[in-house]
Amino acid sequence: METYRLLDPDGTLRDDPAAEHVDAELCRALYRDMVLARRLDSEAYNLQRQGELGLWLQCLGQEAAQVGSIRAIRDDDQVFPSYRDHAAAMCRGITAEALLAQWRGVRQSGWDPAEHHFGIYTLVLAAQLLHAVGYAMGVARDGTDEIVLTYFGDGSSSEGEANEAFNWAATVHAPVLFFCQNNQWAISTPTSAQFGAPLHRRAEGFGLAAQLVDGNDVLAVRAATQRAAEAVRRGEGPALIEATTYRMAGHSTSDDPTRYRSEAELDHWRTLDPIDRLRRLLEREQWTDEAFVADLDAEADALGTEVRRVCRALPDPDPAAMFAHVLPTGSPTVDHQREAYAAYSASFEED
Amino acid sequence: METYRLLDPDGTLRDDPAAEHVDAELCRALYRDMVLARRLDSEAYNLQRQGELGLWLQCLGQEAAQVGSIRAIRDDDQVFPSYRDHAAAMCRGITAEALLAQWRGVRQSGWDPAEHHFGIYTLVLAAQLLHAVGYAMGVARDGTDEIVLTYFGDGSSSEGEANEAFNWAATVHAPVLFFCQNNQWAISTPTSAQFGAPLHRRAEGFGLAAQLVDGNDVLAVRAATQRAAEAVRRGEGPALIEATTYRMAGHSTSDDPTRYRSEAELDHWRTLDPIDRLRRLLEREQWTDEAFVADLDAEADALGTEVRRVCRALPDPDPAAMFAHVLPTGSPTVDHQREAYAAYSASFEED
Amino acid sequence: MPTTLSRAVNEALHHALATDPSVLVMGQDVGGLGGVFRVTDGLQKDFGPDRVIDTPIAEAGIVGTAIGLAMRGYRPVCEIQFDGFVYPAFNQITSQLAKIHARSGGRITVPVVVRIPVSGGIGAVEHHSESNEAYFAHTAGLRVVAAATPQDAHWMLRQAIASDDPVIFFEPKCRYWSRGEVAADADLPLDAARTVRPGSDLTLLTWGSMVETCLAAARAAEEEGHDLEVVDLRSLSPVDVDALTAAVARTGRAVVVHEAPTFGGLGGEIAATLAERCFDRLEAPVLRVGGFDVPYPAARLESHYRPDLDRVLDAVDRSLAY
Amino acid sequence: MPTTLSRAVNEALHHALATDPSVLVMGQDVGGLGGVFRVTDGLQKDFGPDRVIDTPIAEAGIVGTAIGLAMRGYRPVCEIQFDGFVYPAFNQITSQLAKIHARSGGRITVPVVVRIPVSGGIGAVEHHSESNEAYFAHTAGLRVVAAATPQDAHWMLRQAIASDDPVIFFEPKCRYWSRGEVAADADLPLDAARTVRPGSDLTLLTWGSMVETCLAAARAAEEEGHDLEVVDLRSLSPVDVDALTAAVARTGRAVVVHEAPTFGGLGGEIAATLAERCFDRLEAPVLRVGGFDVPYPAARLESHYRPDLDRVLDAVDRSLAY
Ligand SMILES: Cc1ncc(C[n+]2csc(CCOP(=O)(O)OP(=O)(O)O)c2C)c(N)n1
Ligand SMILES: Cc1ncc(C[n+]2csc(CCOP(=O)(O)OP(=O)(O)O)c2C)c(N)n1
Ligand SMILES: [Mg+2]
Ligand SMILES: [Mg+2]
């Protein structure tokens with residue numbers, strides 16, 4: 001399968017029917033999404049380095065895959081993310097505070113999935129794919145025309161649960177769109193050690209409608225996702241998009257990617273940077289001007305300031321939080337432990 | 001993909017290069033394998049009905065898939081079976097006694113996997129596929145030219161572990177041949193509720209060399225398996241064969257298939273019976289004679305007698321057997337329990 | 001009219017499907033076949049294949065999609081075909097089903113019930129006779145219950161389905177065909193233990209498949225002049241600790257009986273708790289009678305493996321003689 | 001020269017790879033990266049990618065193929081990247097790895113070691129701090145051990161690899177960077193408990209991540225005039241019951257400390273056994289200090305969740321005051 005692309009790395013638009021819908025407004029909006037996401041991402045990285053966050057997993061380099069896809073679906077289409085999908089989350093209105101809380105270690109998750117139609121992050125690889133399929137079964141039963149989109153990585157596709165999800169969705173014809181950000185690496189493991197054939201081919205084998213798209217081309221991702229989403233919405237069955245992208249950072253702030261990949265590889269991907277690419281188009285088409293650049297710079301700076309502020313302001317949780325929400329209907333065992341621990345803690349204060 | 005077939009239901013050989021190697025000797029041998037397997041199977045069924053076995057899962061109707069495949073590989077190629085592969089087991093010299101012990105409930109398994117290059121039955125669906133892949137990795141490391149074959153059913157292919165095995169094998173290029181007996185049913189669940197696209201297509205998607213074969217045509221199964229096995233043996237990577245066949249009996253002696261499938265469907269498949277089909281060829285080509293028929297009848301009768309005899313003679317196990325082989329190096333906890341239970345049991349005898 | 005435990009479950013499912021459109025029944029062969037134990041018999045006929053769903057053979061898929069359905073507002077009741085086949089779903093159960101309410105800060109509730117026919121006693125082949133309740137009871141975030149009678153099977157299942165908690169619901173398969181009355185109402189909440197038989201000399205604490213065995217032991221002991229109490233835990237997590245403690249504080253002697261391997265089984269938890277709480281009241285050590293610490297044996301050995309009346313009485317004698 | 005626990009494991013693996021060609025190391029990122037904790041650092045460089053194998057991300061696959069390799073005569077040492085990611089392999093571990101020796105009537109042995117960095121204390125995100133030893137200890141057919149020091153990490157791993165048993169090998173990740181001497185020889189068999197500190201007033205029984213905490217508690221108690229014994233169980237299945245019983249029979253008081261949720265944890269088994277065996281010797285109930293019965297909390301709460309010196313001493317005081 002050929003990789004679908006609309007925008008070449010040098011910023012020229014290809015001759016493709018989908019290119020006709022590309023205009024200044026769209027490109028500026030997508031550009032803004034990506035630039036802001038990258039700013040949040042780098043601020044969070046710095047905050048981790050300063051000890052303000054326990055861990056951070058960067059989405060650096062994957063902004064186009066995320067922004068292009070989430071901007072192609074409806075706001076009420078439910079999304080089941082993985083854990084690196086900050087750009088997508090931001091497009092859904094999830095705040096910096098909500099995004100950082102989990103990585104600062106003050107909560108296990110940040111936002112209300114119902115409010116944003118965007119699930120909490122899933123750290124156990126591929127588990128969310130089955131949730132997405134189940135949710136989509138519910139959507140179908142309800143007879144509404146939403147669809148479900150779920151993000152996952154190349155590495156996650158090797159899990160049994162991912163494949164159960166592909167097969168299940170194809171079998172029950174669930175309105176779900178699987179979106180793989182193939183960023184070439186799963187921690188230190190390259191895709192060559194992850195699968196023997198490309199994922200989009202596997203997806204076809206399961207009976208999913210599959211597309212391979214240049215994941216660093218936000219316009220192509222958007223167009224491909226739109227196409228897939230509308231087919232799913234029309235009831236044509238589940239689909240999978242494999243977006244070829246690259247994890248420009250380490251796996252996480254705990255990782256040392258120099259141990260397993262070359263600077264040359266990085267250099268190559270730098271030339272394919274999704275933000276640079278769109279900027280070239282903006283410039284080439286003169287869809288940008290000083291005001292736009294200045295405004296966006298200012299907005300990004302303001303976001304940076306905000307990220308630092310909210311992060312540092314995130315309060316340590318009350319120990320009682322640990323005992324909350326174990327069972328929705330409550331448990332005497334847990335109640336007893338909460339009370340005992342409170343009494344025990346109080347005994348120190350008395351001392 | 002077209003279904004590969006050599007022998008039409010009416011017993012005519014198709015015009016195919018592989019048909020040239022078909023001769024009287026081969027057909028008689030395969031016919032004998034299938035007839036004996038069917039006899040063992042039906043005797044075991046009867047024994048279950050008489051209460052001599054706790055359970056029996058018939059291979060009725062699937063003899064060609066099993067005999068054709070196992071006779072196409074070398075005797076030292078390791079096989080990882082499922083639980084219905086009696087015809088294959090018999091071809092590997094596994095005795096009736098060994099086959100029946102598990103289902104009589106006197107042991108958890110019957111034979112020595114090393115002696116027969118044939119693993120113990122696996123009742124947890126699809127678990128054996130990963131063992132086969134691991135074993136095949138070992139074969140490859142050892143640099144020998146054996147291959148590994150593993151049997152599984154259409155239903156088992158939906159398990160995460162099955163798909164991890166497909167992907168893993170394709171990734172590491174393990175010398176393993178996955179053999180699916182697609183008998184159209186998984187207990188009461190038809191393949192239409194099991195997958196959204198045919199399994200051989202999925203296999204290709206994983207990067208396995210896949211074939212679809214008429215599983216009731218023992219000659220086609222044998223030829224296809226030979227082809228696949230030799231490619232695997234040459235180091236061309238793992239392969240999968242989907243053999244289309246039919247479970248003519250209930251899922252097990254506990255099942256009542258009239259609840260979920262029609263007599264008409266059964267009638268259709270009766271016309272495709274693998275043994276009848278080969279007999280038509282034998283007759284058409286005059287590769288059979290009265291002596292052959294009489295000898296085989298006698299042999300099958302003798303087998304029937306033997307099956308009934310060994311089954312009834314299988315002794316109840318000693319309770320101490322329960323405590324054996326828990327940990328290869330032994331466990332004081334278990335030793336203590338064995339001794340305590342022996343003393344406890346003895347106390348009744350004293351009474 | 002006494003009904004079987006299997007039928008009592010069936011009727012609870014029927015009632016839930018009939019009264020709450022968000023309830024779904026899903027699992028392998030639960031539809032046309034009615035399940036391998038016929039527990040779901042007739043439900044698909046009455047409620048259609050969209051509400052009584054035959055699933056692919058993928059246990060993680062069953063629980064995982066049930067979680068997704070629950071997030072969408074449904075109340076799925078999953079069937080795992082046999083106890084030994086729940087392990088492929090273990091990841092979805094422990095990391096997702098049990099934790100997602102807490103992980104989401106209470107924003108997500110997943111009212112999923114996972115029904116598991118459990119334990120031995122029916123002469124089954126390997127992997128079909130596991131007593132694996134301890135794995136789930138040790139997993140914070142799950143409600144774990146075991147029904148021992150038609151009354152409890154019916155009402156506890158209805159309560160479990162109505163509850164917003166994720167519930168692991170154990171049905172002792174060897175009791176599916178046992179009969180008993182099902183009252184017009186629930187007589188106990190889901191998390192209460194039940195004194196099945198009062199007694200003053202010693203308390204037998206048990207659940208699921210072993211309740212009947214303990215009752216038989218109590219009847220036998222009565223003939224020898226011993227008055228044994230039998231308590232059915234019913235709720236395995238959380239455990240009704242107060243009721244258990246009160247009972248044992250009264251009798252001063254306790255034997256915990258379960259079918260699972262003894263080592264690391266839930267009996268250890270119960271015995272440890274009682275030994276702590278009733279330290280000054282105990283006249284003998286809390287004894288445990290359980291399966292041996294070996295893989296469940298071949299069918300012809302299961303009568304040796306499973307605690308029976310004699311093994312229970314042996315422990316009772318040791319306790320009383322202490 | 002004292003070495004870190006992580007290094008001690010590394011050297012054990014190195015030794016095994018160097019001396020036994022059938023040993024393989026396999027897991028996610030164990031090769032070029034040397035594992036996320038660098039425990040396998042340098043091994044692939046020394047022994048090549050055919051013996052130190054980076055696997056796809058499929059935990060069932062890791063254990064399942066390791067079983068197959070073991071059947072072929074290899075001795076695979078698997079790494080599960082974090083405790084919370086072993087659940088996808090639970091089916092292969094419980095139904096295959098643990099049972100296949102028994103199921104095959106002893107004809108198949110599967111000398112597979114599954115290494116699991118376990119427990120909390122490093123400020124990790126969810127699913128990275130589970131203490132899940134009780135699931136495995138309750139599974140008959142597995143040998144389950146926990147190393148607490150560099151000496152034990154090194155020698156117990158070498159013993160585990162040399163053993164024909166399937167072994168679940170727990171490494172407390174918060175201790176990876178702790179240092180200690182590694183002797184030239186093993187000083188105990190794999191299944192023996194170790195008295196880490198003798199004492200006469202009360203016995204602290206613990207393992208893994210909590211051994212150091214208990215030692216610290218014992219040192220603190222010493223200042224208050226209490227002489228606490230600390231026993232490291234080391235082997236969690238089978239447990240060295242005789243050693244534990246002897247210790248507690250001597251001191252008459254016991255507190256079991258572990259990081260896992262208390263309910264249904266292995267502490268229940270230990271406490272129940274001691275309460276039974278030492279019934280007449282106990283001067284106070286066996287107490288347990290464990291994690292709370294909640295999903296492991298966010299990192300900023302883990303210091304509240306994990307038993308610490310104060311919580312251990314609180315239980316010690318309660319026991320001594322009894
Ligand atoms: C079930 C499970 N196994 C292992 C891990 C540890 N782990 C975390 S991220 C990761 C790599 C995932 O790679 P991929 O799916 O490609 O996503 P990416 O990080 O590249 O976005 C691994 C192995 C995990 N989180 N869950
Ligand atoms: C993990 C697991 N889940 C469920 C079962 C129960 N079960 C036994 S056989 C069977 C159907 C298998 O169908 P298929 O793989 O097509 O094999 P067939 O019986 O048709 O030969 C099921 C669901 C099982 N044995 N293992
Ligand atoms: Mg990746
Ligand atoms: Mg089948």
Side-chain angles (χ1 to χ4, degrees), chain A residues 54-55 83 101-109 121 123-127 153-163 186-190 193-195 251-252 254-257 259-261 314-319 321-326 331 333-334 336-338 340-341 344-345 347-348, chain D residues 27-38 41 44 49 53-62 64 81-82 84-89 91-92 122-129 261-264 290-305 310-311 314-315 317-318:
Chain A
L55 186 77
Y83 47 77
Q102 176 168 16
W103 309 102
R104 188 169 166 88
V106 303
R107 305 201 282 274
Q108 297 289 38
S109 68
Y121 278 166
L123 271 56
V124 179
L125 299 173
D154 43 286
S156 310
S157 73
S158 302
E159 290 283 3
E161 293 192 3
N163 293 286
I187 310 185
S188 74
T189 308
Q194 204 66 248
F195 32 70
H251 169 71
S252 74
S254 302
D255 188 29
D256 174 7
R259 284 178 160 254
Y260 53 82
R261 68 185 189 187
L314 270 169
D316 270 5
D318 190 291
M322 177 165 73
F323 300 102
H325 310 305
V326 178
S331 150
T333 313
V334 174
H336 175 259
Q337 290 181 355
R338 180 183 40 239
Y341 188 67
Y344 163 81
S345 302
S347 74
F348 286 88
Chain D
Q28 293 154 17
D29 308 297
V30 297
L33 181 64
V36 291
F37 290 105
R38 307 293 181 269
D41 194 23
Q44 195 181 66
I53 306 164
D54 277 325
T55 68
I57 303 184
E59 287 77 11
I62 292 174
Q81 202 159 70
F82 282 90
F85 307 139
V86 69
Y87 305 129
N91 185 47
Q92 282 290 338
I122 63 163
V125 285
E126 53 175 9
H127 312 296
H128 291 70
S129 305
T262 307
F263 185 84
F292 298 111
D293 297 318
V294 307
Y296 199 88
R300 299 256 172 158
L301 288 174
E302 71 175 344
S303 65
H304 294 279
Y305 178 85
D310 286 325
R311 279 176 60 206
D314 179 62
D317 287 347
R318 280 184 286 129

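Proteins get letters first, then strands, A, B, ... in listed order; numbering begins at 1 in each.
In this structure, D:Arg300 contributes its side chain and A:Pro317 its backbone to no donor-acceptor pair below 3.5 Å. A:Tyr344 places a side-chain N or O within 3.5 Å of a backbone atom of D:Arg311 that can act as its donor or acceptor partner. Looking at D:Asp29, its side chain does come within 3.5 Å of a backbone N or O of A:Ser188 through a donor-acceptor pair.
Of all heavy-atom pairs spanning D:His128 and A:Leu123, the tightest one is CE1-CD2, 4.1 Å. When every heavy atom of D:Arg38 is checked against every heavy atom of A:Ser254, the shortest pair comes out as NH2-O, 4.0 Å. The minimum heavy-atom distance linking D:Pro56 with A:Ala193 is given by the pair CG-O, 3.7 Å. What you find for D:Pro297 and A:Gln108 is that their closest heavy atoms are C-NE2, 3.4 Å. Counting all heavy atoms, side chain and backbone alike, D:Leu301 lies closest to A:Pro319 at CD2-CA, 3.6 Å.
Ion pairing between A:Arg259 and D:Asp41 holds under the 4.0 Å rule for side-chain N and carboxylate O.
Interface residue A:Phe323: backbone and side-chain heavy atoms are both found under 4.5 Å from chain D. Interface remark: A:Val106 contributes backbone and side-chain atoms alike to the contact with chain D (heavy atom separation under 4.5 Å).
Separation of atoms CD (D:Gln28) and CD (A:Gln194) is listed at 8.0 Å; rounding is to 0.5 Å.
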